[in-house]
Amino acid sequence: MKKQVVLYKKLSAPLMARLHEQAQVTLIDNLNAEGLKLLREALPSAHGLLGASLKLDAELLDLAPHLKAIASVSVGVDNYDIDYLNRRQILLSNTPDVLTETTADTGFALILATARRLVELANLVRAGQWSRNIGPAHFGSDVHGKTLGIIGMGRIGEALAQRGHFGFGMPILYHSHSAKPAVEQRFNAQYRSLSDLLQQADFVCLTLPLTAETEGLIGAEQFALMRPESIFINISRGKVVDETALIEALRQGQIRAAGLDVFEREPLAHDSPLLQLNNVVATPHIGSATHETREAMARCAVDNLLAALAGERPANLVNGQAWKAH
Ligand code: 8YV
């Protein structure tokens with residue numbers, strides 16, 4: 001008897017074919033009101049779920065008594081209740097590694113775009129306002145040789161450090177819950193307390209997961225420690241930052257600019273004050289959003305799901321405690 005798999009993220013034809021060979025597949029390719037209704041109707045018979053960007057809480061998963069595995073097409077897992085999944089021995093997997101380089105590229109794209117005012121000045125050209133040689137009023141800031149401060153030295157933080165050190169000759173400072181000797185050796189990176197990093201870095205980049213510990217980590221007190229010429233980059237999760245405090249820091253000139261790929265609420269409201277500020281580059285959560293990487297993530301999620309449904313430990317199991325209980 002084939003297992004019942006519910007997809008709430010569209011997959012490529014090869015991956016769909018692979019899943020159909022081994023499971024009974026229900027695809028919900030739009031999580032609008034109708035899609036959520038279809039999802040709720042499909043959950044009672046589901047053995048496996050695959051998708052991303054949906055808060056799968058107890059209220060929803062209580063509708064799925066036969067659920068054995070969830071394969072998230074993401075590295076972040078803040079939208080899952082791990083304790084609930086452990087209690088129900090539901091295996092949650094994610095897709096680390098395959099997205100590391102692409103997400104670090106996005107981080108560096110934001111560093112460069114924000115420092116050199118790329119979006120603002122490209123729009124000036126597009127609006128036909130390039131009437132004379134660019135002068136000091138439109139100058140940006142150098143990136144090469146400046147100090148790169150990374151908060152959260154995991155896979156993506158390390159890839160960002162690699163780009164800064166080898167690509168742009170940037171001294172690397174980092175703050176993490178533990179020292180990273182290999183990173184210090186490879187990139188001549190130096191550990192700093194959070195407050196020291198904020199005071200010393202020219203670019204402050206967030207690459208840490210959203211957890212109860214990191215939610216609201218960067219607020220008014222932290223922005224006040226940064227320097228007026230420093231630039232803030234967030235490619236982690238919006239809720240790690242007090243967005244109201246960020247807006248105020250930008251308005252008051254406490255920091256020079258911000259490059260943001262994630263926000264407290266997504267999609268970002270079109271009337272957000274962030275979008276009224278010329279010194280903000282805002283992108284729609286495109287960290288891993290390339291054809292190649294999203295296909296690799298989906299392939300990894302399918303591998304994880306099929307392994308779990310076959311009774312094997314998924315390669316990228318998030319909640320090992322649920323496996324121990326097997
Ligand atoms: C995706 C991400 O945009 O992997 C993550 O945690 O935030 C991004 O890679 C998102 O999860 C949807 O797949």
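Side-chain atoms are counted along with the backbone in the values below, which use heavy atoms only and exclude waters and symmetry mates. For ligands, and for the atoms within them, numbers begin at 1 and follow the listed sequence. Because the structure is predicted, anything quoted here is derived from the model rather than measured.
Within ligand 1, the atoms closer than 4.0 Å to a non-hydrogen atom of A52 are 12 (C), 13 (O), numbered from 1 in the order shown. Near L99, meaning under 4.0 Å from any of its heavy atoms, are these atoms of ligand 1: 4 (O), 9 (O).
In terms of polar-atom proximity, defined here as any N/O pair under 3.5 Å, M297 makes no such contact with ligand 1.
A centroid separation of less than 6.0 Å is found between the aromatic rings of F108 and F168.
In terms of heavy atoms, A245 sits closest to A220 at CB-N, 3.4 Å. Of all heavy-atom pairs between L268 and E243, the closest is CD1-OE2, 4.0 Å.
Contacts between R237 and ligand 1, counted as non-hydrogen atom pairs separated by less than 4.0 Å, involve the side chain only.
Among protein heavy atoms, the minimum distance from atom 5 (C) of ligand 1 is reached at V75 N, 3.4 Å. Taking atom 12 (C) of ligand 1 as the reference point, the nearest protein heavy-atom neighbour is S53 OG, 3.4 Å. The single protein non-hydrogen atom nearest to atom 13 (O) of ligand 1 is V73 O, 2.7 Å, given as residue, atom name and distance. Of the protein's non-hydrogen atoms, S288 OG, 3.4 Å is the one closest to atom 8 (C) of ligand 1. Scanning the protein heavy atoms around atom 7 (O) of ligand 1, the nearest turns out to be H285 NE2, 2.6 Å. In this structure, atom 1 (C) of ligand 1 lies nearest to the protein heavy atom R294 NH2, 3.4 Å. With respect to atom 11 (O) of ligand 1, the closest heavy atom belonging to the protein is S74 CB, 3.1 Å.
Taking a 6.0 Å sphere around NZ of K180, one finds it holds more than 12 heavy atoms contributed by other residues, nucleotides or ligands.
At least one donor-acceptor pair closer than 3.5 Å links the side chain of N319 to the backbone N or O of L92.
Of the candidates K146, R227, R256, D202 forms a salt bridge (charged side-chain N to carboxylate O under 4.0 Å, His left out) with just one, namely R227.
Taking a cutoff of 4.0 Å between a charged side-chain nitrogen and a carboxylate oxygen, E101 and R163 qualify as a salt bridge. Checked for salt-bridge contact, K239 and E266 miss the test: no charged N lies under 4.0 Å from a carboxylate O.
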